[in-house]
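For clarity, every value in this text was computed on a predicted model and none was experimentally measured.
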Amino acid sequence: MLETPIDTLPRTSAKTIAKLQKLGVHTYNDLLHYYPFRYDDLHEISPISLLRPNELVTIHGTVETMKNQRTRRGMYIQTCTIADETGKITITWFNQRYLAQIIKPEEQIAISGTVQPYRGALTIQPTAFEIINGNELIHTSRIVPVYPQTRGLSSKTIREKMWYILSLFQKEDIEELLPEKMIAAHRLMPLNQALVQIHFPSSQTLCKKARKRIGTDELFVRILASRLVKKDWEEQQVTQAMTIGSDVKKHVSTFITNLPFELTTAQKKVVKEITADLQKKKPMNRFLQGDVGSGKTIIAAIAACICALNGMQTLIMAPTEILARQHFQSLSTLFKDMDITIGLQTGSEKQLKTKKEIFDIVVGTHALITKSVSLERVGLVVIDEQHRFGVKQRAALREKGVHPHVLTMTATPIPRTVMLTLYSELDVSIIDEMPKGRKVIKTHVVPKVKRAAGYEWIKKQIAHGDQVYIVCPLVEETEAETMQSVRAATAEYEHLKNTVFKNQTLGLLHGKMKAKEKKEVMDRFRDGACDVLVCTSVVEVGVDVSNATIIVLEGAERFGMAQLHQLRGRVGRGEKQSYCLLFTSDEYNKPTERLVFFSKHDTGLELAEYDFRHRGPGEMHGTRQHGYDDLKIAELSNTKFVKEVSEMVGEFMINYKLSSYKKLEQIVQTYSIHQIAKD
Ligand code: ADP
Ligand code: MG
């Protein structure tokens, strides 16, 4: 029943079904898990005589008259008078002639909306109405769920479909996920009740309990999946433990000394951590996090070097062929003076297969593991910018009797709490320091009142030969570039060209331009033929322009942390001191705490931590988050809650057998492999 496809929904247009499917809703069950993001509390019925302006209210009354009038301008106005025991009110709709067919005199009606003064009296700006007539009311007169609306699919439609589906289910239809005993012991709301209450709460208290229950389930399966992977991992033994004797030590330190630079303190620390791991019998499962440019590749190279000196092979997997080729090249340079062989294996270059040669290091895409011919000597697997090392890939190696050490590297910052709960199987290393010589980008919040001075300062810098990016704000809350943001950028470009930057050369760049035009603009900017580049936030500026030292973010308060961080990274590529100016809009004359924090911190991880702490329930700040974006209800920033659920998982692992809980087992399995399944 739960798996019924949504295209069987009665009285539902093909268009609506297509829109639901676009949201990822394919079955009744999917729809039940499409949760409201807020509720309008309209459960109290207000007497008409006691209405006050600006209140959001519900009234119940009898329709006295309903008129449909044509105005002189050819519009249609629907006017309805409604009375209850305390008074009367007139309500108006515009151009909804069909309403006269539905709202008829004598009918009992419920209306919700905001009270407004109108011609010396009060009216209600109606957001919803329902004919009472013994019907259950779902759009008014209750705590009304409000759903995220996308592309013309209204909250009202979703609410109606939800109501229909919930009415179909007898209580027994929805199978529990967790053991009954645990539900009782932790005073959780039963799942079937929680699903009703999360959509149509009968009180605020029950709503809270329902959200807690659903959030618990979400987090429970994720933590359980992670713990099981961890347990499984700990039970493994590497085929052959590595040793770091004096000979290996000598070679490795020569390699490090011969580098054209000195390792940063952070890099040295990570090398120590990894070196310790490699000598253990338990395979390493380490996660290395460091901003772009922090120098992760060299860490992988050092680990691979130790591995090779122990007579074992290293596989390095990059997400794309281009990146694989880049790694191949930089590793070849790094190891040019050593007796370490490096191979490249991508879809187009099948060196391994044709030559049947075994390299010390093989670089390729993630298909390496499943395709590689010989895996017996693999001692280390390095995964760059990829998600977790999946169960599937490990199984492929295990089949061949190999349990390698694994190092996963990423520039995506993942908050500590997330690491500890959802990725608990991983040990974490962090590079929180950039190589020497890179200057911190000075960041300033510039409120409206200081904007003129800001422009003057920029002009001075331009006179000294610097170049500037001006990034226009997001117009809509989507990540994709819309026509609207293209228009806004174009308008800003015209405006600046004719006012502030009359005497400078300007360029415009946005995603709707032809590739050739884009290239021309970029080339001009790179060659210094243009002082200021006005662009939209999403357009990928592919070329490093080291002479561009200033980036202005217009409407800075509208960008998410991750996006601010990414945009700021466009400057500071060269020797010169770089600047990031956060221009805020009218209503933000006082900079928000968030922007001030951003202006004072520069590592991705610090920013992600901040974002994480301040993330409201179900709220997403722009860019896709990493690994926890599909938690719809569970609040990971609620430490008490996270602790409680973690303890429940511990309890479950001791007292219950997962295989006796089929539904749970099935979901847990999707979580322990889902990262890989996405590829
Ligand atoms: P990422 O962490 O983004 O993968 P890379 O490993 O590609 O960064 O390193 C970026 C650049 O910094 C490379 O050119 C690398 O040679 C250089 N680099 C790495 N470590 C240092 C260091 N300690 N000092 C100076 N330059 C370094
Ligand atoms: Mg890298």
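In this view, Q329 satisfies the side chain to side chain donor-acceptor pair (under 3.5 Å) rule with no residue, not counting sequence neighbours. D427 is linked by a side-chain contact (heavy atoms from CB on, under 4.5 Å) to R286, counting only residues two or more places apart in sequence or in another chain. The side-chain contact (heavy atoms from CB on, under 4.5 Å) check on L420 picks up R416, with sequence neighbours excluded. Checked against salt bridge (charged side-chain N to carboxylate O under 4.0 Å, His left out), K268 has the following partners two or more places apart in sequence or in another chain: E262.
With contacts defined as side-chain heavy-atom distances shorter than 4.5 Å, the pair T584/T592 does not qualify. Within the 4.5 Å cutoff, side-chain heavy atoms of L219 are placed close to those of F641. For the pair I550 and V571, the minimum side-chain heavy-atom distance is 4.5 Å or more. With contacts defined as side-chain heavy-atom distances shorter than 4.5 Å, the pair L380/P404 does not qualify. Considering only heavy atoms from C-beta on, F597 comes within 4.5 Å of L607 through its side chain. Inter-residue side-chain proximity for Y469 and V545 is flagged as met; some heavy-atom pair is nearer than 4.5 Å. When side chains are defined from C-beta on, I223 does not count as touching S424, because their heavy atoms never get closer than 4.5 Å. D360 has its side chain out of reach of T314: every pair of non-hydrogen atoms, C-beta onward, lies at least 4.5 Å apart.
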Determine, stepwise, if the pair V271 / I299 fulfils side chain to side chain contact (heavy atoms under 4.5 Å, CB included).
CA-CA 6 Å; V271 169; I299 304 286; 3.9 Å; yes
Apply the test side chain to side chain contact (heavy atoms under 4.5 Å, CB included) to residues T264 and K436: give CA-CA distance (whole Å), side-chain angles for both, the deciding distance (0.1 Å), then the verdict.
CA-CA 7 Å; T264 61; K436 281 200 195 67; 5.6 Å; no
Could you go through I274 and M284, starting from their C-alpha distance and side-chain angles, then the distance that decides it, and tell me whether this counts as side chain to side chain contact (heavy atoms under 4.5 Å, CB included)?
CA-CA 8 Å; I274 292 175; M284 165 173 83; 4.1 Å; yes
Before you tell me yes or no, could you show the steps for T275 and V252 under side chain to side chain contact (heavy atoms under 4.5 Å, CB included), namely the whole-Å CA-CA distance, both residues' side-chain angles and the distance that decides it to 0.1 Å?
CA-CA 11 Å; T275 316; V252 175; over 6 Å; no
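Heavy-atom contacts from other residues, nucleotides or ligands closer than 6.0 Å to CG of D339 number 12 or fewer. The number of heavy-atom neighbours closer than 6.0 Å to CD1 of I322, taken from other residues, nucleotides and ligands shown, is 12 or below. Remark: K576 NZ is packed, more than 12 non-hydrogen atoms of other residues, nucleotides or ligands lying under 6.0 Å away. Counting heavy-atom neighbours within 6.0 Å of E235 CD, excluding the residue itself, gives a total above 12.
Rounding to the nearest 0.5 Å places CG of L422 at 5.0 Å from CZ of R222. With rounding to the nearest 0.5 angstrom, the NZ atom of K442 is 4.5 Å from the CD atom of Q577. Within the model, atoms CE of M653 and CZ of R227 stand 6.5 Å from one another, a figure rounded to the nearest 0.5 Å. Here the CG atom belonging to L407 is positioned 10.5 Å from the CG atom belonging to L426, to the nearest 0.5 angstrom. Interatomic distance, OG of S246 versus NE2 of H251, reported as 11.0 Å (0.5 Å rounding). In this structure, the separation between OG1 on T243 and CG on N310 is 4.5 Å, given to the nearest 0.5 Å.
Pairs of residues two or more places apart, or lying in two chains, that qualify as ring-ring contact (aromatic ring centres under 6.0 Å, His included) and include a residue from residues 561-584 are Y455-F583, W457-Y579. Note on residues 289-315: no pairs pass salt bridge (charged side-chain N to carboxylate O under 4.0 Å, His left out), not counting sequence neighbours.
Between V363 and A324, the closest heavy-atom pair is CG1-O, 3.4 Å. Across every non-hydrogen atom of T320 and L323, the tightest pair is OG1-N, 3.1 Å. Closest of all the heavy-atom pairs between I298 and L259 is CD1-CD2, 3.4 Å. Nearest heavy atoms, W233 versus V406: CH2-CG2, 3.6 Å. Looking at every heavy atom in both residues, G572 comes nearest to S578 through N-OG, 3.0 Å. Considering all non-hydrogen atoms of both residues, Q467 and C530 come closest at NE2-O, 2.8 Å.
For the pair Q345 (side chain) and V362 (backbone), a donor-acceptor distance under 3.5 Å is absent. Between the side chain of E433 and the main chain of A266, a donor-acceptor pair closer than 3.5 Å is present. Formation of a donor-acceptor pair under 3.5 Å by the Q236 side chain with backbone atoms of H403 is not found in this model. Under a 3.5 Å cut-off, the side chain of Q267 and the backbone N or O of G295 do form a donor-acceptor pair. Under the 3.5 Å distance criterion, the side-chain polar atoms of D602 are left unmatched by any main-chain donor or acceptor of T443. With E425 contributing its side chain and N285 its backbone, the two residues share no donor-acceptor pair below 3.5 Å. H510 places a side-chain N or O within 3.5 Å of a backbone atom of K512 that can act as its donor or acceptor partner.
The residues E647 and K643 are annotated as salt-bridged, a charged nitrogen and a carboxylate oxygen being separated by less than 4.0 angstrom. Between E321 and R325 there is a salt bridge, with a side-chain nitrogen of the basic residue lying less than 4.0 Å from a carboxylate oxygen of the acidic one.
With 3.5 Å as the limit, one finds no donor-acceptor pair spanning the side chains of Q289 and T410. Side-chain contact of D384 with H327: a donor-acceptor pair under 3.5 Å is present, judged by distance alone. Judged purely by distance below 3.5 Å, without hydrogens or angles, the side chains of S429 and E273 pair a donor atom with an acceptor atom.
Checked against the 6.0 Å centroid threshold, Y610 and F598 do not count as a close aromatic pair.
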